[in-house]
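First up is the structure itself, then whatever we jot down about it.
Computed from heavy atoms alone, side chains included, the values below leave out hydrogens, waters and symmetry copies. Residue numbers start from 1 in every chain, and the chains themselves are labelled A, B, ... in the order their sequence lines are given, proteins ahead of strands.
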Protein chains: 2
Amino acid sequence: MLVPNVSAGLPQPDLARLEQLKELSRRLEFRFRDYRLYDLALTHSSYSNEPGSHRMNNQRLEYFGDSIIGFIVNEHLFLDYKLSEGQMARIKSAAVSEKSLASAARALRFGAYLRMSKGERKSGGSRRPSNLADAFEAFVAAIYIDRGMKQARQFVVGMLDSRLRNLSQSGRALDPKSALQELVQKQFRTHPVYELVSQEGPDHKREFVYRVVIDSREIARGMGSSRKRAERQAAIRALDLLRE
Amino acid sequence: MLVPNVSAGLPQPDLARLEQLKELSRRLEFRFRDYRLYDLALTHSSYSNEPGSHRMNNQRLEYFGDSIIGFIVNEHLFLDYKLSEGQMARIKSAAVSEKSLASAARALRFGAYLRMSKGERKSGGSRRPSNLADAFEAFVAAIYIDRGMKQARQFVVGMLDSRLRNLSQSGRALDPKSALQELVQKQFRTHPVYELVSQEGPDHKREFVYRVVIDSREIARGMGSSRKRAERQAAIRALDLLRE
């Protein structure tokens, strides 16, 4: 896309910030064309209130980046592995979790580049997983806007590849409901039961909530536009919890 | 991407089916390179059990297509409108809802091309919104694999553009929580209240469920990895329900 108007309203980073971003670019061995985009991607929402800030933060980029990463990871799974849709959903959910993306951001040392308010920094904001994951998502959007999908894909797959590989080789590669069935059988000698909690909305726009129950104890809930999707989400969450 | 191995295992459609797909291609004024992909996209999961079927259906394509559409719609919103991330989330959610995608599929008369079991067809399967929306998602994945992102983008934006335009011009363009606040004020002369229903999981992988309450009555629930996301989802659902 490389549309100029995205960064049209953004000020140029000052010299100290520019030096910092140049250092990052060198370290990543990745050329930034428009530094303003990466500057914005590494600006936490709390910074907008600091004096001298340009009142812009990484929240829009983060929102867009989330769907770029989802697309890239699903493309990768769709092509590289003979996985069912349920398996893809499960691996993708783990690969793009806050934990996973924060860990990628930590590997890139994004905490040191993230601008935020003094209050946010003092309370540990530069190590907070949600801030790190958001910065990673926003950074991917910056790459896509600045350099295009090919570069964004290379970056995302490069950062998440070993995780994706592990996920699809481990038991996680099983369909979530089958995997949960297997684990519960082994660990508790019983079966997981799926129960409808609620359905809201008219026929054509129904939202289901299902819970998965083991030995009369609720383990997790899932929500979705069909019974299948809600149960799948509940199974994914139950697996995450039981595996902690 | 245009990777050959996606369709490598797929049989060629028989002559009657090929004629039908050629007719569709002419009507859409869109050239299919590999007919097998479009054949698969228009094959419901029930068809796999019919004698003579190739035991493959559109579920993997549907899963992948969902994230392609999400990416394209978010890119469109990110670029074309000065929308906050909350506004983008709300418009996107409405634009890619089952209702919206089923309506796009109906406009393309996909019901007539959708292969399914006799049982599924008899019970109204070719008009079922979930089947139509799934076919639309799978068809977008087929276009992307067959012809690339540029063509997929053109197709999706072409089909959803007027809907996206309406959504961002109407009140829906407001941030969901603000829009709900406004509507509840006007309609009920009170405020929506957000209440935590549950939080599950360890610190780094927490899932929040929030509900929105009006006059002590629960209207809808939302789920997400942060309070913000869960409340936003609850507000989007409440708006949909109150506007029915």
Checklist line | Partners passing salt bridge (charged side-chain N to carboxylate O under 4.0 Å, His left out) against E231(B) (at least two apart in sequence or in another chain) | finding: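 With sequence neighbours excluded, E231(B) shows a salt bridge (charged side-chain N to carboxylate O under 4.0 Å, His left out) to K177(B), R227(B), given in chain and number order.
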Next item on the list: Report the residues that fulfil salt bridge (charged side-chain N to carboxylate O under 4.0 Å, His left out) with R211(A), sequence neighbours left out, ordered by chain and then residue number.
Entry: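 By the salt bridge (charged side-chain N to carboxylate O under 4.0 Å, His left out) rule, R211(A) matches E195(A), E218(A).
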Report the distance from atom [atom1] of [X] to atom [atom2] of [Y], rounding to the nearest 0.5 Å.
X	Y	atom1	atom2	result
L77(B)	S67(A)	CG	OG	9.5 Å
Q59(B)	K228(A)	CD	NZ	4.0 Å
R60(A)	Q87(B)	CZ	CD	9.0 Å

Next item on the list: Spell out, as yes or no, whether a donor-acceptor pair under 3.5 Å connects the side chain of R221(A) to the backbone of V209(B).
Entry: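 No, because the side chain of R221(A) does not come within donor-acceptor range (under 3.5 Å) of the backbone of V209(B).
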Next item on the list: Please look at I219(A) and chain B and tell me whether the side chain, the backbone, both or neither of the residue comes under 4.5 angstrom of a heavy atom of that chain.
Entry: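 For I219(A), the backbone is the part near chain B, not the side chain.
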Next item on the list: Go through the atoms of R128(B) and report whether side chain, backbone, both or neither lie under 4.5 Å from a heavy atom of chain A.
Entry: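 Answer is neither: R128(B) stays 4.5 Å or more from chain A.
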Next item on the list: Go through the atoms of R237(B) and report whether side chain, backbone, both or neither lie under 4.5 Å from a heavy atom of chain A.
Entry: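 Only the side chain of R237(B) comes within 4.5 Å of chain A.
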Note to self: Can you tell me which of S198(A), A220(A), S130(A) forms the most heavy-atom pairs within a distance under 4.5 Å of chain B?
What the structure shows: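 Option with the top pair count is A220(A).
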Item checked: Note, E85(B) side chain near F64(A) side chain (heavy atom, < 4.5 Å) ->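 Of all side-chain heavy-atom pairs linking F64(A) with E85(B), none is under 4.5 Å.
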Item checked: Non-hydrogen side-chain atoms of F71(A) and I72(B) separated by less than 4.5 Å ->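 Contact flag for F71(A)/I72(B) side chains = no.
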Notebook entry, point to check: Between D134(A) and R229(B), which heavy-atom pair has the shortest distance, and what is it?
Noted result: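 Shortest heavy-atom separation between D134(A) and R229(B) comes out as OD1-NH2, 3.9 Å.
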Check: Near R127(B) CZ, under 6.0 Å, is it more than 12 heavy atoms from other residues, nucleotides or ligands?
Finding: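 12 or below, so no.
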